[in-house]
Structures are given as structure tokens and as C-alpha cells.
Amino acid sequence: MSELEFDPHRYTGALDDREDHAPGDEPAEDAGHWITNSNLGLGFSVILTVGAFVLANTNLIYGPSIPIALLVLAIAQMGVHLVFFLHITTGPDNTNNVLALAFGILVVFLIVAGSVWIMNHLDNNMMPMDELMRMQR
């Protein structure tokens, strides 16, 4: 007989942190966990939003770096929303959610980059307005 059969920490018969179990088989979380999690996310969101308004309306940082600071706060805000409200984590049961999020980001990037590319191409190849006005006379 092997030593594993007699290890009381390995075979307890109950779902706990020492055993491996399938996604969705975790113990149910109580409502207090969800309320605490939502309130924590709300607090972080309010702090980041107020911080962005304060940062934009004061001289706390060097003027030309304000757009970069606002971009950092916006990315942090997106992270707070993904984790606390959409419950996107790196757990094995969230693989489909993460892949759907990555695909959505790819689609948005392609649409924005393609639109900018098309507008740049049109700007370079269109006739200047003064020449167009002379042609209409």
C-alpha cells in the first residue's frame, strides 16, 4: 500500500483548499462577499474618477504630462471595472471570458486603426479645397 492512501490531508472527502476540483464546483459564496466586492469596486472607481478630475483641473503635475496621467487613470478604471464588476479573473473557469475580452479588444483596435488609416489615405489623396472651389466657377 502506498503512503498516499493514508494521508489524512489528501483525502478528506470534503471540498477544501487542499483538494483539486472542477470549475463551478466551488462552495457557494454568501451575499456579503458580493456586497463587499461591489462596494470595494465602487470605492476604487470613485477615487479614480475624482482623481482624474482633480488632476485635470490643478497644477499638481507638469502640464504636458496630464494626458498621459489621465490615460493611466483610465486604464486603472478599466481594470477596476473588469475585476470588481465583470468578475474577469485569471482562473481556469474564466478562460472563455478572457478570450472573449481579448477578441473584443482586437475588433475595436482593428476598427479604430482601420478608420484612422482610411482617413489618412483620404486626406493625402483628396483635392485641396481651394482647387475644388476654382473648378466649380
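For clarity, every value in this text was computed on a predicted model and none was experimentally measured.
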Colleague: Are Ile47 and Leu70 connected in the hydrophobic side-chain network, where two residues link if heavy atoms are under 4.5 Å apart?
Modeller: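 Ile47 does not cluster with Leu70.
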
Colleague: Locate the shortest heavy-atom distance separating Phe85 from Ser45; write the atom from each residue and the value.
Modeller: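 It is CE1-OG, 3.7 Å.
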
Colleague: Of all heavy-atom pairs between Thr49 and Gln77, which one has the smallest distance, and what is that distance?
Modeller: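 Looking at all heavy atoms of both residues, the shortest contact is OG1-NE2, 2.9 Å.
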
Colleague: Do Met129 and Met135 share a hydrophobic cluster (ILVMFWY, side-chain heavy atoms under 4.5 Å, transitive)?
Modeller: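 Yes, it is one cluster - the side chains of Met129 and Met135 are joined through contacts under 4.5 Å.
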
Colleague: I would like to know whether Asn94 and Asn97 meet side-chain contact (heavy atoms from CB on, under 4.5 Å); could you show each step before the answer?
Modeller: CA-CA 5 Å; Asn94 280 329; Asn97 293 340; 3.1 Å; yes

Colleague: Indicate if Leu42 and Ile35 have the same hydrophobic cluster label, given that clusters are the connected sets of ILVMFWY residues with side-chain heavy-atom separations under 4.5 angstrom.
Modeller: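 Leu42 and Ile35: separate clusters.
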
Colleague: Any chance you could measure Asn120, atom CG, to Asn125, atom CG, to the nearest 0.5 Å?
Modeller: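 One finds 9.0 Å between CG of Asn120 and CG of Asn125.
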
Colleague: Quick one: does Ile66's side chain get under 4.5 Å of Ile61's, heavy atoms only?
Modeller: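 Yes, side chains in contact.
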
Colleague: Is any side-chain heavy atom of His81 less than 4.5 Å from a side-chain heavy atom of Leu86?
Modeller: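 SC-SC contact between His81 and Leu86 ruled out.
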
Colleague: Please say yes or no: joined through hydrophobic side-chain contacts below 4.5 Å, possibly via intermediate residues, are Met78 and Phe84 part of one cluster?
Modeller: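 Unlinked, Met78 and Phe84 end up in two clusters.
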
Colleague: Between Asn57 and Phe53 (side chain of the first, backbone of the second, donor and acceptor by atom type, cut-off under 3.5 Å), is there such a pair?
Modeller: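 A pair under 3.5 Å: yes.
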
Colleague: State, yes or no, whether a side-chain contact exists between His87 and Asn37 at a heavy-atom distance under 4.5 Å.
Modeller: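 A side-chain contact under 4.5 Å exists here.
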
Colleague: Of the options Val50, Leu73, Val72, which is the one that meets Leu55 in a side-chain contact (heavy atoms from CB on, under 4.5 Å)?
Modeller: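 The residue from Val50, Leu73, Val72 that satisfies side-chain contact (heavy atoms from CB on, under 4.5 Å) with Leu55 turns out to be Leu73.
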
Colleague: Please say yes or no: joined through hydrophobic side-chain contacts below 4.5 Å, possibly via intermediate residues, are Tyr62 and Leu60 part of one cluster?
Modeller: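 They do not share one cluster, since no chain of ILVMFWY contacts under 4.5 Å joins Tyr62 to Leu60.
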
